[in-house]
Amino acid sequence: MLTVAVTLLGLLFVTFMIGRVMPIDPVLAVIGERATQAQYDEVFLELGLDKPLITQFAIYVNDVLHGDFGTSIRTGKLVSEDIGRVFPATLELATLGTLIGVFLGVPLGVLAAVYRGRWIDQVARFVGLIGYSMPIFWLGLMGLLIFYGILGWVAGPGRLGVFYQGLVPERSGLLLLDSLLAGDWTVFKDAFSHIILPASLLGYYSLAYISRMTRSFMLEQLNSEYITTARVKGLSEWTVIWRHAFRNIRIQLITVIALAYANLLEGSVLTEIIFAWPGIGQYITTSLLSNDMNSVLGGTVVIGTIFVALNIFSDLLYRFFDPRAK
Amino acid sequence: MTNLLDVENLRVTFPTRSGTFEAVRGISFSLGRERLGIVGESGSGKSMTGRAILKLIRKPGIVTADRMRMGDTNLLTASEREMRRIRGRHASMIMQDPKFSLNPVMTVGSQITEALLTHEKTSRAEARKRAVGMLDAVAIRNPERVMGLYPHEVSGGMGQRIMIAMMLIPNPEILIADEPTSALDVSVQLQVLEIMDKLVTDRGMGLIFISHDLNLVSNFCDRILIMYAGRIVEVCQAGKLHEAKHPYTIGLLNSVPDLEHPRPRLDALQRDPAWREAPSVSALT
Ligand SMILES: Nc1ncnc2c1ncn2[C@@H]1O[C@H](COP(=O)(O)OP(=O)(O)OP(=O)(O)O)[C@@H](O)[C@H]1O
Ligand SMILES: [Mg+2]
């Protein structure tokens with residue numbers, strides 16, 4: 001728990017320092033270029049910039065702990081409100097992407113290990129190779145061109161078609177969930193047809209990573225003595241693989257999946273831009289381009305916190321699944 | 001009386017970077033309802049012989065033989081499906097190292113009952129009852145509690161007894177015991193040997209007992225194969241060990257084990273390169 005606190009404090013310290021050393025005057029950012037000197041001084045004091053750095057940092061930490069990241073100069077709203085609006089979009093996309101990656105990647109990795117060197121292993125290797133060597137924006141654009149432009153199987157960029165905006169009450173901010181809760185199938189279908197392509201793209205990258213790790217974990221287990229013991233008992237191959245070997249990799253897999261998930265939550269910037277997805281990656285990028293430091297730092301803190309939270313979560317699961325960790 | 005097992009000219013080969021390595025080099029033996037000991041130094045191919053019988057040599061290892069028959073089954077042509085019916089039910093193997101041979105994330109209880117449930121249609125409750133009884137039979141105190149433990153929570157000696165219970169529970173006709181008592185201290189060792197002996201005699205099993213320890217084996221088995229570098233160099237009735245002729249056997253006999261370290265000290269033993277090339281002695285009956 002202490003390490004978590006230290007990690008988070010370190011993160012805040014870094015974002016705080018970035019905010020101070022950036023060649024952007026935080027006072028001008030608030031009052032604009034044409035303010036008088038008196039106005040300038042007033043805001044300067046209001047922001048506490050006359051106080052020593054350590055006090056400023058304490059104030060900053062206190063604000064952040066209360067969910068206060070300041071105001072965005074770009075949108076004119078509280079940064080926390082902005083993030084509350086854009087984050088569910090990223091969450092929805094990353095979650096669907098990870099689900100795709102897990103449900104395809106884990107079986108693929110297991111099969112590749114069991115049939116090592118056979119065709120399914122080659123397929124897994126090929127999938128991994130493309131996942132590692134193709135830039136995501138290229139695959140994204142090709143995907144849009146083929147499945148949206150030529151085939152018309154899916155909807156284009158954005159989260160929802162214009163006709164469907166605001167039709168269902170917002171509860172979780174996750175459109176798929178909200179439309180299901182509202183029982184509105186047409187909105188669900190439209191949202192699904194928007195999300196499926198970017199989610200598949202992210203899922204593909206997750207799949208490449210997850211299947212490769214699953215394969216190597218499984219190979220290690222399948223070579224252990226207890227597997228021979230299981231075979232000595234006359235167990236079926238299915239039981240040997242899933243009940244014996246797979247049970248032993250669950251623990252490692254949890255860590256890998258948590259990492260893949262964290263990766264999609266923080267690293268889907270390019271995908272969000274290509275697909276005009278109004279998520280946190282796009283929010284941070286746009287803010288950065290308009291020198292909106294409060295939003296950039298706020299977004300960074302949120303993402304860092306999520307990363308730490310996922311780590312804690314996978315640690316807890318670890319303890320739950322590994323009898324040796326008790 | 002027909003044999004439980006006949007093996008002729010068994011070879012186990014592994015391809016390596018520098019050609020092929022033969023772990024077992026053409027051995028022949030048979031097993032009746034007896035206690036057959038296999039003795040030899042580390043790396044002489046004892047475990048590989050045991051695994052080859054169950055067709056559990058992992059790729060890229062290759063098993064060949066002129067004949068390999070268990071009861072009415074020709075093991076050489078038996079499909080994997082047939083082998084699965086044989087494994088556990090007709091022939092089982094107590095694995096050498098309980099530390100690595102038990103599944104670390106499954107409880108002792110579920111690993112033992114699984115061995116039974118694979119071959120018999122019984123209820124879980126009944127399987128559990130029999131597993132507890134089996135643990136009791138191998139002298140484990142408080143078996144109910146041990147059923148719920150994980151392998152890392154039991155000692156090496158307990159692990160070996162759990163292994164014995166697990167492999168005996170489906171009541172196989174042939175039991176291959178690969179150093180089943182090596183992790184036990186001497187008093188427990190004798191106790192466990194007694195238990196195994198009783199189970200084997202009561203159930204009329206054929207036992208292949210693999211060990212480093214010639215003295216131990218000579219007290220426990222009916223017939224002994226001495227293996228050296230993948231071959232059988234001598235076959236002896238246990239009672240006639242003093243008539244053994246091969247210098248390797250005599251060397252093993254003379255390297256008297258002290259009681260604290262029951263493994264014979266083979267390092268001091270002189271070896272003749274000619275032993276390696278001498279043809280394997282047949283132990284067929
Ligand atoms: N996968 C493999 N590839 C190459 N050589 C192998 C492989 N597995 C085993 N061997 C070799 O086969 C030989 C026989 O091994 P085996 O396990 O049968 O010995 P052992 O008589 O049981 O020895 P120990 O008393 O130490 O258990 C050893 O020299 C070992 O190095
Ligand atoms: Mg061995």
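What you are looking at is a predicted structure, and each value in this text was computed from that prediction instead of being measured. Note on naming: letters A, B, ... go to the chains in the order of the sequence lines (proteins, then strands), and numbering restarts at 1 for each one.
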Item to check | Considering all heavy atoms, the nearest A:Pro323-B:His152 contact | outcome: O-CE1, 3.5 Å
Checklist entry - Quick one: CD on B:Glu114 to OG1 on A:Thr239, what's the gap to the nearest 0.5 Å? => result 7.0 Å
Using heavy-atom distances under 4.5 Å, tell me whether [X] contacts chain A through its side chain, its backbone, both, or neither.
X	value
B:Met95	side chain
B:Met83	neither
B:Arg51	side chain
B:Gln111	both
B:Arg58	side chain
B:Thr118	side chain

Is any side-chain heavy atom of [Y] closer than 4.5 Å to one of [X]?
X	Y	answer
B:Met106	A:Arg243	yes
A:Ser224	B:Phe100	no
A:Lys233	B:Ser92	no

Next on the checklist: Among A:His244, A:Arg231, A:Gln221, A:Arg250, which residue has the highest count of heavy-atom pairs closer than 4.5 Å to chain B?
Outcome noted: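 Highest number of heavy-atom pairs under 4.5 Å: A:His244.
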Checklist entry - Given the options A:Ile251, A:Thr228, A:Ile227, which has more heavy-atom pairs under 4.5 Å with chain B than any of the others? => result A:Thr228
Which residue out of [options] racks up the most heavy-atom pairs below 4.5 Å with chain A?
options	value
B:Pro151, B:Ser101, B:Pro98	B:Ser101
B:Met166, B:Arg84, B:Arg81, B:Glu153	B:Arg84
B:Arg89, B:Glu80, B:His119	B:His119
B:Leu56, B:Ile169, B:Thr107	B:Leu56

Item to check | Name of the residue among B:Leu54, B:Ile176, B:Ile94 meeting side-chain contact (heavy atoms from CB on, under 4.5 Å) with A:Val232 | outcome: B:Leu54
Checklist entry - Would one find more than 12 heavy atoms of other residues, nucleotides or ligands at under 6.0 Å from atom CZ of A:Phe126? => result no
Checklist entry - Would the number of heavy atoms belonging to other residues, nucleotides or ligands and lying under 6.0 Å from NZ of B:Lys99 be above 12? => result no
Checklist entry - Under the 3.5 angstrom rule, does the side chain of A:Thr229 hit a backbone N or O of B:Leu102 as a donor-acceptor pair? => result no
